[in-house]
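Accompanying notes for the structure given below.
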Amino acid sequence: MGINIRDIAREAKVSSTTVSRVLNNSGYVKDETKEIILKKIKELNYTPSAVARSLSKNESTTIGVIVPDIENPFFAEIIKGISSLADEKNLNIILCDTNETVSREIKSLNMLKEQRILGIIITPTNDNNEMSNDQLSTLENMGIPIVLIDRDVKHSNFDGVFIDNIRGAYEATRALIKEGHRKIAIIAGPDSSKPGRDRLTGYKKALRMGDIPLDEKYLFYGDFKLDSGYNCTQELLKIEDRPTAILVCNNMMNLGCIKAIYEHKLNIPKDIAIIGFDRVKMLDVVGLNISVVASPNIEMGKRAMELLLKKLDKKHKTGNVRITLLSKLILKGSEKLI
């Protein structure tokens with residue numbers, strides 16, 4: 001059992017209310033009494049709970065951040081952007097990882113509601129799940145502002161920061177076409193995710209503009225996880241008329257794709273070209289020059305935090321704010337047709 005306020009009060013021979021006044025710097029306490037209490041706090045190595053303080057003062061200094069994959073460097077950079085502004089405002093962060101599952105997302109939302117957080121920044125697992133979307137709406141109706149990041153929610157009016165994924169996938173596919181590729185495969189994201197759908201839309205648009213018929217055998221759906229990129233690539237490489245290039249629609253699937261290609265003793269881009277979404281710094285460290293559609297992840301996090309701070313400022317009246325940032329195509333040679 002940890003030390004609590006009652007223990008401090010007993011040792012200092014004062015009431016729990018008096019200890020609480022000292023901890024919260026509220027109400028009058030004699031200097032000599034305050035000195036005794038602070039001495040006992042130090043002797044007993046007492047650390048007051050942030051939640052307890054927020055309950056006693058009816059205020060909070062904590063926000064919730066919910067992401068679908070904490071191991072993904074993409075979300076690590078977003079969190080870095082969020083925390084940089086949160087630190088400036090002396091706000092704490094409770095970070096939740098849903099592992100791309102709706103049940104864990106709902107559990108996280110319930111937990112954050114119990115923690116009396118100020119607001120939530122969330123990348124939804126599924127943009128069309130009624131239970132999760134209703135929960136988000138309920139929280140906002142309770143006065144807990146919601147800001148979306150990276151992924152949208154259908155038929156919602158939440159503020160959010162997003163990437164123009166249609167344009168990003170279009171430009172990447174056009175780059176492959178300009179290199180001379182016509183058998184271009186795609187490992188798309190899940191259809192339940194707007195980035196997944198938008199990147200597939202951009203890919204199809206580029207094929208159409210390049211007068212290349214869509215070949216269904218080159219179309220695969222992953223789940224934004226490494227294993228799905230690996231498994232989809234294994235299937236693609238079994239095709240008799242296999243593609244000369246692959247557009248991989250997120251960084252973790254890109255790692256899985258590269259793993260499968262190397263297991264087959266193939267060379268990038270000599271045997272098969274590749275363009276991925278979102279940078280993986282480790283690839284640069286080991287000398288793999290993989291072309292990518294790079295998003296401004298840290299900026300996304302900062303912009304989302306700015307939106308949340310504005311919503312928390314009662315004096316700052318905001319309407320529905322939707323910010324769309326542009327990605328950047330970085331060509332490093334893996335897109336070549338050799």
Query raised in the report: Checking side-chain contact (heavy atoms from CB on, under 4.5 Å) for the pair Glu299/Ile323: CA distance, chi angles, key distance, verdict?
Result: CA-CA 11 Å; Glu299 183 185 354; Ile323 299 172; over 6 Å; no
Requested in this report: Start with the C-alpha gap between Ile187 and Leu247, add the side-chain angles, then the distance that decides, and say whether side-chain contact (heavy atoms from CB on, under 4.5 Å) holds.
Outcome: CA-CA 6 Å; Ile187 302 177; Leu247 175 64; over 6 Å; no
Requested in this report: Carefully, step by step, assess Arg242 and Leu266 under the rule side-chain contact (heavy atoms from CB on, under 4.5 Å).
Outcome: CA-CA 13 Å; Arg242 77 183 183 201; Leu266 299 176; 3.7 Å; yes
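Atom CZ of Arg6 has 12 or fewer neighbouring heavy atoms from other residues, nucleotides or ligands inside a 6.0 Å radius. For Met111, the CE atom counts as densely surrounded, since its 6.0 Å shell holds more than 12 non-hydrogen atoms of other residues, nucleotides or ligands. Counting non-hydrogen atoms of other residues, nucleotides and ligands closer than 6.0 Å to CG of Asp31 gives a total of 12 or fewer.
Taking a cutoff of 4.0 Å between a charged side-chain nitrogen and a carboxylate oxygen, Arg10 and Asp7 qualify as a salt bridge. A salt bridge does not link Glu235 to Lys217: none of the charged nitrogens lies less than 4.0 Å from a carboxylate oxygen. The pair Glu171-Arg174 does not meet the salt-bridge criterion, since no charged nitrogen lies less than 4.0 angstrom from a carboxylate oxygen. Taking a cutoff of 4.0 Å between a charged side-chain nitrogen and a carboxylate oxygen, Glu140 and Lys113 do not qualify as a salt bridge. Ionic pairing of Asp215 and Lys183 is not present here: no N-O contact between side-chain nitrogen and carboxylate oxygen is shorter than 4.0 angstrom. Salt bridge Arg151/Asp127: absent, no basic N to carboxylate O contact under 4.0 Å. Note on Lys310 versus Asp159: no salt bridge recorded, every NZ/NE/NH1/NH2 to OD/OE distance being 4.0 Å or above.
With sequence neighbours excluded, no residue forms a salt bridge (Lys or Arg N to Asp or Glu O under 4.0 Å) with Glu35. Residues meeting the salt bridge (Lys or Arg N to Asp or Glu O under 4.0 Å) test with Asp198, sequence neighbours left out: Lys194.
For Thr61 and Asn92, the side-chain atoms include at least one donor-acceptor pair closer than 3.5 Å. Remark: the Asn72 side chain and the Asn251 side chain contain an N/O donor-acceptor pair separated by less than 3.5 Å. The closest side-chain donor-acceptor pair between Ser295 and Asp278 falls under 3.5 angstrom. With hydrogens and angles left out, the side-chain atoms of Glu335 and His181 include no donor and acceptor closer than 3.5 Å. If you check the side chains of Gln135 and Asn110, you find a donor sitting under 3.5 Å from an acceptor.
Under the 4.5 Å side-chain heavy-atom criterion for ILVMFWY residues, a single connected hydrophobic cluster contains both Met252 and Val280. Leu136 and Leu308 fall into different hydrophobic clusters, where Ile, Leu, Val, Met, Phe, Trp and Tyr are joined by side-chain heavy atoms under 4.5 Å apart, directly or via other members. By the rule that hydrophobic residues join a cluster once side-chain heavy atoms approach within less than 4.5 Å of another member, Ile239 and Leu337 end up as members of separate clusters. No chain of hydrophobic side-chain contacts below 4.5 Å, direct or via other Ile, Leu, Val, Met, Phe, Trp or Tyr residues, connects Ile82 to Phe158.
Under a 3.5 Å cut-off, the side chain of Glu71 and the backbone N or O of Asp69 do not form any donor-acceptor pair. Without hydrogens or angle criteria, Asn141 side chain to Ser137 main chain gives a donor-acceptor distance under 3.5 Å. No donor-acceptor pair under 3.5 Å is formed between the side chain of Asn99 and the backbone N or O of Thr101.
Closest heavy-atom contact between Pro145 and Leu118: CD-O, 3.1 Å. Taking both residues in full, the closest heavy atoms of Pro296 and Ile163 are given as CD-CD1, 3.6 Å, listed atom of the first, atom of the second, then distance. Annotation for Val292 and Arg279: closest pair CG2-CG, 3.6 Å, computed over non-hydrogen atoms.
Residues Arg199 and Ile166 have side chains not in contact (no heavy-atom distance under 4.5 Å, counting atoms from C-beta outward). By the 4.5 Å heavy-atom criterion applied to side chains, Ile94 and Val65 are not counted as neighbours.
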